[in-house]
Amino acid sequence: MTSDAEREKSSKAEIPNITPTLLISPSSTSTPTPTNRDKNHGKSSDTPPLWRRINTILSWTPPRCRWDPSNPPQFSMSMNVLFAFAGGFTVANLYYSHPILNILAADFGVAYEKVAQIPTVMQAGYASGLLFLCPLGDLLPRRPFVVGLVGFTTMMWLGLCITKSLPVFTAISFIVAITTVTPQLMMPLVGDLAPPHRRAAALSIVVSGLMLGILVARVLSGTISNFVTWRAVYWMAFGLQSLIFVALWLFMPDYPSTNPSGLNYFQLLWTIGKMLGKHPVLVQACVAGFFTSATFTSFWTTLTFLLAGSPYHYTPLTIGLFGLIGIAAMCFGPLYARTVTDRFLPHLSVLVGQSCCLVGICLGTYLGTFTIAGPVLQAFLLDFGMQTAQIANRSAIYAVEPRRRNGVNTAFMVSTFCGQLVGTAAGNHIYAQAGWIGSGSASVGFIGGAILTMCVRGPKEEGWFGWHGGWSMIKKNKSSADGKTVETAHHTEEQRGDEELGAEEKVLEELAAEGGHEHPLREESEAEKEKEKSSEKSEKSERSSGEDGIKPVKI
């Protein structure tokens, strides 16, 4: 009779040939299959794809620019200038082709009418970007989004520099115009970063950069093309885009999404329309912006016809340099915003800006046919007035929905862009029928509509019409942007909530201490810990007793 040890030994001797068969499949005993490294010719399967590596590079943030909720980025003057420079020479991409359309037609060997579609195509692309890309600023973190768009624009712009096909040039121009909306993503970020009582001044610097970029693009393009090939202009623009990409990648601060787990893309688009039915001040700003921008484009479109004809007969170079007059007006914009717009209700600055536009249009329209002083004064006053009104309107509407500033900005910019299209079309058509005075008189009507829009609703009115609340233009709250809304940056709300919870715990601790406990909350937490330890010990004892009850089965 064999013992238990002998039976166990004999059973172990029978098993070894079975176990490998169960653990190893038949295919594993055959010729080894090539590994992923062999299939990829020596490349490891762990290597990420190219698009993922590009995304890693674009989303990398220097340590000084990384987001820290306890120490959010401070909006400094250097950051303000960076945004103005980036915005100005990004939006300039839309205007390099305007003074050199005849040169493009000669170089591509086509009729002038075929290259005249390039500015129209780019404006259509810009409008598409405003409507479909800008709302994403409320959904995505803006640093990687903006830097990625600028990088994509830079790569596509290289195609404009080297292509010799007009259809390809036109198609790339349309794509580039879509991604050129990065300045409209930066301005809501300025509204988030800048203190409310300094928002108008900060926005004014960025808008001055945008308008400067528009004027400088036309001047540089017309001047350079008179001496060298037009491609030198586009290579210069490529270099500027590359510089902007590097500067933003190195210095643009990170900022969290305002809706990280909220609305999806289609809901973002839908809510833009709902905003217009909910905020009267937004509708007022959109209508006023529509009429004001119509006068701006109508003037600059028909001015070329006036200066090229009788009695001036200026050359294209002289007409291009005429745009430099607007630079002087832009220099006054930030100064006015800091001293007036930030200290009084935005309604006042909107009316002041529109009044300057009205005076300038009247002087230019009815003096411009016999003295150059009329168009010069109109260029100065119109640029200054439009900038002042636009900054004040932005300062007011950014306070209505702080978490949806990109959506608010989209509504305002779409209406402004529609005004520009109407001003261009109406200005050209009326000039062909009634000349300079006719088109100028239409601009008087446009700016009159803008002033009327601001007069039917007062600065303190909560409804759609009326002046309830008084006529005073003095801010009730000096630290707010619109004078009445107390704003708190959304990234500080959670931090403030934690501080409030900490204050509540402190009060509870003081109340409990009055009852004779030195550290009641600490004692309570220690008691809970002891309770948890005792429960863990009981669970372990039950588990060990259960394990003791299980006897090993011999095979």
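Treat the numbers as computed from the prediction; the structure is a model and nothing was measured.
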- Query: What's the verdict on side chain to side chain contact (heavy atoms under 4.5 Å, CB included) for Leu220 and Thr223, showing C-alpha distance, side-chain angles and the deciding distance?
  - Reply: CA-CA 5 Å; Leu220 288 178; Thr223 304; 5.8 Å; no
Which value, rounded to the nearest 0.5 Å, describes the distance between [X] atom [atom1] and [Y] atom [atom2]?
{"X": "Leu189", "Y": "Met252", "atom1": "CG", "atom2": "CE", "value": "5.0 Å"}
{"X": "Ile118", "Y": "Ile172", "atom1": "CD1", "atom2": "CD1", "value": "11.5 Å"}
{"X": "Phe417", "Y": "Thr297", "atom1": "CZ", "atom2": "OG1", "value": "10.0 Å"}
{"X": "Phe290", "Y": "Thr292", "atom1": "CZ", "atom2": "OG1", "value": "10.5 Å"}
{"X": "Met186", "Y": "Leu210", "atom1": "CE", "atom2": "CG", "value": "9.0 Å"}
{"X": "Phe412", "Y": "Ile397", "atom1": "CZ", "atom2": "CD1", "value": "5.5 Å"}

- Query: Hey, mind stepping through Gln387 and Ser208 against side-chain hydrogen bond (donor to acceptor under 3.5 Å, both in side chains) and telling me if it holds?
  - Reply: CA-CA 8 Å; Gln387 180 181 355; Ser208 295; 2.5 Å; yes
- is_close_aromatic(His279, Trp464), centroid dist under 6.0 Å: no
- Message: Is the distance between the ring centroids of Tyr234 and Phe238 under 6.0 Å?
- Response: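 Centroid distance Phe238-Tyr234: not below 6.0 Å, so no.
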Do [X] and [Y] have side-chain heavy atoms sitting under 4.5 Å apart?
{"X": "Lys278", "Y": "Lys274", "result": "no"}
{"X": "Glu461", "Y": "Pro280", "result": "no"}
{"X": "Phe296", "Y": "Asp383", "result": "yes"}
{"X": "Met122", "Y": "Phe174", "result": "no"}
{"X": "Val281", "Y": "Arg457", "result": "yes"}
{"X": "Pro375", "Y": "Leu303", "result": "yes"}
{"X": "Pro253", "Y": "Leu193", "result": "yes"}
{"X": "Ser173", "Y": "Leu160", "result": "yes"}

- Message: With side chain to side chain contact (heavy atoms under 4.5 Å, CB included) as the criterion, how do Leu282 and Glu401 come out once you've worked through the C-alpha distance, each side chain's angles and the decisive distance to 0.1 Å?
- Response: CA-CA 10 Å; Leu282 178 59; Glu401 292 199 23; over 6 Å; no
Please check: side-chain N/O of [X] versus main-chain N/O of [Y], any donor-acceptor pairing under 3.5 Å?
{"X": "Ser395", "Y": "Ile391", "answer": "no"}
{"X": "Asn428", "Y": "Thr424", "answer": "yes"}
{"X": "His468", "Y": "Glu462", "answer": "no"}
{"X": "Ser349", "Y": "Leu345", "answer": "no"}
{"X": "Gln354", "Y": "Leu452", "answer": "no"}
{"X": "Ser221", "Y": "Tyr96", "answer": "yes"}

- Task: Any pair with a residue in residues 409-421 that passes side chain to side chain donor-acceptor pair (under 3.5 Å), sequence neighbours left out, goes on the list, sorted by first then second residue, please.
- Result: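 Sorted pair list: Gln184-Asn409, Arg394-Asn409, Tyr398-Asn409.
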Pairs of donor and acceptor atoms involving the side chains of residues 147-156, under 3.5 Å and at least two apart or interchain, shall be tabulated with distances.
from: Thr153; atom 1: OG1; to: Leu149; atom 2: O; distance (Å): 2.8
from: Thr153; atom 1: OG1; to: Thr179; atom 2: O; distance (Å): 3.4
from: Thr153; atom 1: OG1; to: Thr179; atom 2: OG1; distance (Å): 2.7
from: Thr154; atom 1: OG1; to: Val150; atom 2: O; distance (Å): 2.8

Kindly give the heavy-atom pair with the smallest separation between [X] and [Y], and that separation in Å.
{"X": "Cys134", "Y": "Val181", "value": "SG-CB, 3.9 Å"}
{"X": "Ser441", "Y": "Thr365", "value": "N-CG2, 4.0 Å"}
{"X": "Ala92", "Y": "Gly213", "value": "CB-O, 3.5 Å"}
{"X": "Pro135", "Y": "Ile272", "value": "CG-CD1, 3.7 Å"}
{"X": "Val350", "Y": "Ala389", "value": "CG2-O, 3.8 Å"}
{"X": "Met275", "Y": "Gly407", "value": "SD-C, 4.2 Å"}

- Message: Side chains of Ser298 and Tyr431 only: does a donor on one sit below 3.5 Å from an acceptor on the other?
- Response: no
- Message: If you apply the rule side chain to side chain contact (heavy atoms under 4.5 Å, CB included), what do you find for Arg143 with Trp249, and how did you get there?
- Response: CA-CA 8 Å; Arg143 175 188 159 88; Trp249 189 65; 3.9 Å; yes
- Message: Tell me if the CH2 atom of Trp467 is crowded by more than 12 foreign heavy atoms within 6.0 Å.
- Response: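 Atom CH2 in Trp467 is packed in, count exceeds 12.
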- Task: Could you please spell out the steps behind the side chain to side chain contact (heavy atoms under 4.5 Å, CB included) verdict for Trp157 and Asn93?
- Result: CA-CA 9 Å; Trp157 195 267; Asn93 295 338; 3.6 Å; yes
